[in-house]
Trainee: 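Would you mind keeping the following structure in view while I ask a few things?
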Amino acid sequence: MMGRQMQTTVIQVDGSHPDEQLLLPAAVALARGDLVAFPTETVYGLGADALNNQAVARIFQVKGRPPDNPLIVHGADLATLEPLVRQIPPLARLLLEKLSPGPLTLVLRRAAHVPDLVTAGLDTVAVRIPDHPVALSLLRLAGVAVAAPSANRSGRPSPTQAWHVLQDFRERIPYLIDGGPCRYGLESTVVDMTGEQPVILRPGSVTVATIEQLTGLGTLTDAEAAARARTGLERQNAPRAPGMKYRHYAPRAAVFILDAEGVSAATPSCRGSGQPLAAQIAAWQSAGRRIGIFASEATLQQLCLPCQEAGKDSTGSRTDAAADCFSLAYGPCPEAVQASRMLFDALRILDSLGCDIIIAEGLPDDGIGSAYMNRLKKAACPADLQPSGDDYHESETE
Ligand code: AMP
Ligand code: MG
């Protein structure tokens, strides 16, 4: 990774009741153009003053983020965010009133002074009020709107704990605020509110059903909105979420999805062999692969595989050279909220245990399960990793 080295100061705070005196140095640094990583209820963010071009440029540099992937601007309240947008349409305002602070990002028409770097040159800007005592205190103390993508190197799993941020950015950023694990563990729901119907650009913990209930409108997916724009049903091209095309959330290991059919992956080029799980795992193991399985306790019991428990309290440095199969349970039964909270943590833990292959439990693709499956499919191996194939190489971009 490029860029200058510096000492990273880790500020430890109580995630529920942070001491503002402890946050102050980071808030001052943020306001004067430095980068600060901080916890939110979704994932850890890497923040910069949204109106400071140089500070925002540094986010892209440190993350290795492609410049056409715009950033979400965070504010402690609506008063901070309102000047950044041309207008807040009535239904967007309703969503903000009902669901903010919370894991919801709205895409709105931007005001002229928002830097092009933040919006990747689009006519829109994404805004959000995070629901986390540390994030809110920091934003208030800094007194600026803060552009903050997830605090991971582009393409890597998003950080849901402070050690994840250090893994990617130790000595690359001046401040990291450690406020403990994130409550949701997946990034915010991104909804484009610039058209006649809400367009769900990224599923998250605020579900489609909630958006539809509150607005009284059906929602469109990004693909549906784009198709309508092509057939002229919509006056303007619906802005798409440019970031969604990049590879995301990828650990070093190749990720496969465990579903009723056995082991599979998001793309046909990367399917399991169609064998039952035990046979597939045996084939991988005999080819010298180390396997990690992320699933509920009930599913792990059903699978009845000879795996060693990886545990949940990793600092990211545990290894056990003897084991060639690790299991990591997120909760007692198949369930999307707990699975979502732990998914990115699990990808990093299993990586740190040296797993070559991670098999993660698939869940029903609805409600919060849609957000979980969206991330899991993006993390899942896109290349043709065969039992004896070449090592997977981390991509340079998201
Ligand atoms: P991240 O900050 O890494 O969680 O990613 C932010 C997500 O929001 C990306 O998928 C972006 O493409 C999307 N996004 C941010 N700003 C806009 C915008 N103005 N229009 C559409 N999507 C956006
Ligand atoms: Mg991200």
Side-chain angles (χ1 to χ4, degrees), residues 1-15 18-40 42-67 69-77 80-81 83-84 113-120 125-130 132-154 156 158-180 182 187:
M1 188 169 37
M2 299 181 310
R4 61 195 147 106
Q5 291 214 329
M6 62 185 76
Q7 204 193 332
T8 302
T9 302
V10 181
I11 301 176
Q12 231 130 19
V13 294
D14 176 341
D19 178 344
E20 296 208 331
Q21 285 306 315
L22 296 175
L23 294 178
L24 202 55
V28 169
L30 195 50
R32 69 161 186 249
D34 279 338
L35 301 189
V36 174
F38 61 96
T40 79
T42 57
V43 301
Y44 273 71
L46 181 62
D49 176 353
L51 299 185
N52 179 333
N53 253 310
Q54 273 185 341
V56 173
R58 187 114 182 89
I59 287 184
F60 284 90
Q61 185 200 0
V62 167
K63 274 186 64 95
R65 186 175 175 103
N69 191 1
L71 306 179
I72 295 171
V73 181
H74 295 65
D77 45 36
T80 313
L81 297 175
L84 305 179
H113 68 282
V114 178
D116 278 343
L117 262 183
V118 170
T119 67
V125 62
V127 293
R128 162 168 131 78
I129 305 173
H132 192 294
V134 175
L136 288 171
S137 288
L138 179 74
L139 292 168
R140 267 191 217 108
L141 286 169
V144 292
V146 170
S150 49
N152 54 278
R153 284 181 56 200
S154 275
R156 301 264 299 135
S158 297
T160 57
Q161 302 201 22
W163 71 265
H164 302 167
V165 180
L166 281 179
Q167 218 178 30
D168 285 11
F169 293 137
R170 189 190 292 281
E171 297 186 352
R172 302 286 166 187
I173 58 173
Y175 286 102
L176 160 63
I177 301 167
D178 179 355
C182 300
E187 306 85 344

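Only heavy atoms go into these numbers, but all of them, side chains included; no hydrogens, no water, no symmetry mates.
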Trainee: Quick one: pull up CZ in R128 and NE2 in H74 and give me the separation to the nearest 0.5 Å.
Mentor: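 Here the rounded value is 4.5 Å.
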
Trainee: Between R58 and V62, is there a donor-acceptor pair closer than 3.5 Å when you use the side chain of the first and the backbone of the second?
Mentor: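 Not confirmed, R58 side chain does not pair with V62 backbone.
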
Trainee: Please identify each residue that fulfils side chain to side chain contact (heavy atoms under 4.5 Å, CB included) with A37, with sequence neighbours left out.
Mentor: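 Scan of A37 (side chain to side chain contact (heavy atoms under 4.5 Å, CB included), adjacent residues dropped) gives L46, A151, V165, I173, L176.
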
Trainee: Give a yes or no answer on whether the side chain of Y175 reaches the backbone of D34 with a donor-acceptor pair at less than 3.5 Å.
Mentor: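 The answer is no, because no donor-acceptor pair under 3.5 Å joins these two groups.
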
Trainee: Please check if atom CD in Q54 has more than 12 non-hydrogen atoms from other residues, nucleotides or ligands closer than 6.0 Å.
Mentor: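 Counting other residues, nucleotides and ligands, CD of Q54 stays at 12 neighbours or fewer.
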
Trainee: For D77, which residues count as a side chain to side chain donor-acceptor pair (under 3.5 Å) partner, sequence neighbours excluded?
Mentor: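 Partners of D77 under the side chain to side chain donor-acceptor pair (under 3.5 Å) test: T80.
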
Trainee: Got a sec, which residues hit side chain to side chain contact (heavy atoms under 4.5 Å, CB included) with V144, two or more places apart in sequence or on another chain?
Mentor: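 Partners of V144 under the side chain to side chain contact (heavy atoms under 4.5 Å, CB included) test: D49, A142, V146.
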
Trainee: Side chain to side chain donor-acceptor pair (under 3.5 Å) with R140: which residues, sequence neighbours excluded?
Mentor: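 Listed in chain order: nothing, the list is empty.
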
Trainee: Using side chain to side chain donor-acceptor pair (under 3.5 Å) as the criterion, list what pairs up with Q12, not counting sequence neighbours.
Mentor: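 Q12 satisfies side chain to side chain donor-acceptor pair (under 3.5 Å) with D178 only.
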
Trainee: Atom CZ of F38 and atom CG of L136: how far apart are they, to the nearest 0.5 Å?
Mentor: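 Those atoms lie 9.5 Å apart.
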
Trainee: Who are the side chain to side chain contact (heavy atoms under 4.5 Å, CB included) partners of S158, not counting sequence neighbours?
Mentor: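 Expected list: V43, S150, N152, E187, Y249, F344.
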
Trainee: Taking atom CG of L84 and atom CG of L51, what is their separation to the nearest 0.5 Å?
Mentor: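 Nearest 0.5 Å value for the CG-CG distance: 6.0 Å.
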
